[in-house]
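Each chain gets a letter, A, B and so on, in the order the sequences are listed, and its residues count up from 1. Note that the structure is a prediction, hence the values are computed from the model and not measured.
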Amino acid sequence: MSEPLAVEVKAVSKRFRIVHHAGSLKRAAIELVRRRPAVELMTAVDNLSFSVPRGQTVGIIGSNGSGKSTMLMLLAGIYRPSQGEIVVRGRITTLLDLYAGMHPDLTAADNAILVAMTNGLTRRQAIDRLPTILEFAELLDVADQRIRHFSAGMVVRLGFSVAAYCDPEVLLVDEVLAVGDQSFQAKCRGKVAEFQREGRTIVFVSHDLPAVAASCERVIWLDRSRLRMDGPAAEVLAAYAQSV
Amino acid sequence: MSRAELVNTPERPSLRATLAELWSFRELIIEFTRRSIMLRYKNSVLGIAWSLVTPLMMILMITVMTKFIFQQPIPNYSAYLFPVMFAWTFCNNAIPDMCISLLESASIVRRSYFPRELLPIATLLASLLHFGISMGLTMAYLVLLHIFPWQVNVKVLLVLLIVPANLAFLLGVGLVTSVLNVIFEDIRFVVTVVLQLMLYAVPVLYPIERVAAAAPDGWWLRLYLLNPFASLLVLYQKALLPPISVKGVEALPWSWGLLAQTWIISLLTLWLGLWFFNRLKYIAVERL
């Protein structure tokens, strides 16, 4: 056996039903009377296959609407594929947007505990790690404040720190790290490098090509829901830069 | 609580797998319950103390109304109303809260994976806490009036057999409405209207004995009690209070048959809710 695979994506397609009545019974009734097709299918991911060996850092790039974020949500188990099969081995930690599911009306500490628990920590573990998380996020002094009034940078620091201390075996990150200030970005890069040394798997969706070049060894380029190119970071990024 | 291996296919997870997963996430259920309580009182000075104020106000209001405005059928009639009133308030608050629970938590649902059933369950538990507080206050009030424990006996413990059935029934309804409300946001208005009408189909504004007297052969009562809302309230009343005859109509006794019937209907509702939610939950998440 060679290196075990952390992520396997086998011929996966994801089609969304675009519903014209969008959440209203009245519209649904009108559409029914007009005999228009109420539902159209939109393909977000089309017959995609790839696998990621344990310990690899993979970047997924592509223009808006190319299916990158959908792919990440499929890997996280939030969406179910329409076809194919996805296997992810190891504890998944997600960092899918700025707020990472945090609630503006809860304190930094309460949010950190809840998000850590959705990432698979027990409550005990989450409470034990809270000081470390807040310290890494440089938010110790505002731990008991509601995050409603936090700046975007503070929120993303908190989100990243929680994810970083959830012991990720497979870390799924969507386009968030560019928000913190210079010094925090450096800390993030340090943490990512540490994860790479420790053999953790990272899948990273981004438009920030220099960041992808700096941290990913391999890049997958999605173009209009399909796989356009998959290979060493430098090659794929060069080809991508030429096509844009 | 973590999944060592995620296998994500078009295949819908079985109900059994879903339940096993829910059990492994039980700690997160409690955390979501805490969150729901914290968010409810987020901007208030008194905080959780409000959950005492609301039932106390109701007790005061009903006492004043029955003592001074309406003619009382028996002394301390208001005391006999509280268990039913609060059981009804519990149903009446829990269902709309559960109905919006998925939609309200869209941000965390779209950003992390956990069994989605967890949200209506946690919402229900938060409502249960308020119900418990209200019932505790009611008991204290009954002690003050010397009704409890002198006129009440060990059958108060029957409440422990009623509450689980009540929770199962409410959760079944909550699961169906919460997932539907993501797809059609009208559902929560439908729920509110139905609950408003339901107030007249449960023995809160009138004693159950009036229904019993309406048709002598009792079929009308049997039909009436097929509604779990009504049968649950009757069960609470008969367990918690001494039998009182109102306006010459003999008080209905405690009925084990009614308890069994309510349990069956509640468990069927719960099963239906779990099944329905499991079928639609991924579609709902895509629409959030």
(request) Check the pair B/Arg110, A/Tyr79 against side chain to side chain contact (heavy atoms under 4.5 Å, CB included), reporting the backbone distance first and the verdict last. (result) CA-CA 9 Å; B/Arg110 288 186 56 80; A/Tyr79 290 161; 3.2 Å; yes
(request) Please answer whether the main-chain N or O of A/Leu74 pairs with a side-chain N or O of B/Asn8 as donor and acceptor at a distance below 3.5 Å. (result) yes
(request) Give a yes or no on whether B/Arg12 atom CZ has more than 12 heavy-atom contacts from other residues, nucleotides or ligands under 6.0 Å away. (result) yes
(request) Below 4.5 Å from any heavy atom of chain B, which atoms of A/Lys10 appear? Answer side chain, backbone, both or neither. (result) neither
(message) Apply side chain to side chain contact (heavy atoms under 4.5 Å, CB included) to residues B/Leu28 and A/Leu114 and explain how you reach the verdict.
(response) CA-CA 8 Å; B/Leu28 194 56; A/Leu114 187 74; 4.2 Å; yes
(request) List for me each residue that meets side-chain contact (heavy atoms from CB on, under 4.5 Å) alongside A/Ser66, sequence neighbours excluded, and say none if there are none. (result) A/Ser63, A/Lys68, A/Leu222
(request) Go through the steps to decide whether B/Val7 and A/Ile86 satisfy the test side chain to side chain contact (heavy atoms under 4.5 Å, CB included), and finish with yes or no. (result) CA-CA 6 Å; B/Val7 179; A/Ile86 295 167; over 6 Å; no
(request) Indicate yes or no: does B/Glu5 engage A/Arg91 in a salt bridge with an N to O separation below 4.0 Å. (result) no
(request) Would you confirm whether A/Asp97, through its side chain, and B/Arg111, through its main-chain N or O, come within 3.5 Å as a donor-acceptor pair? (result) no
(request) Flag the one option from A/Gln83, A/Glu8, A/Met73 with the top tally of heavy-atom pairs under 4.5 Å to chain B. (result) A/Met73
(request) Any chance you could measure A/Leu96, atom CG, to B/Tyr113, atom OH, to the nearest 0.5 Å? (result) 14.5 Å
(message) Let's go through A/His103 and B/Met38 carefully: what are the C-alpha distance in whole Å and the side-chain angles of both, what is the deciding distance for side chain to side chain contact (heavy atoms under 4.5 Å, CB included) to 0.1 Å, and is it a yes or a no?
(response) CA-CA 11 Å; A/His103 197 289; B/Met38 284 190 290; over 6 Å; no
(request) Check whether more than 12 heavy atoms from other residues, nucleotides or ligands sit under 6.0 Å from atom CZ of A/Arg226, and answer yes or no. (result) no
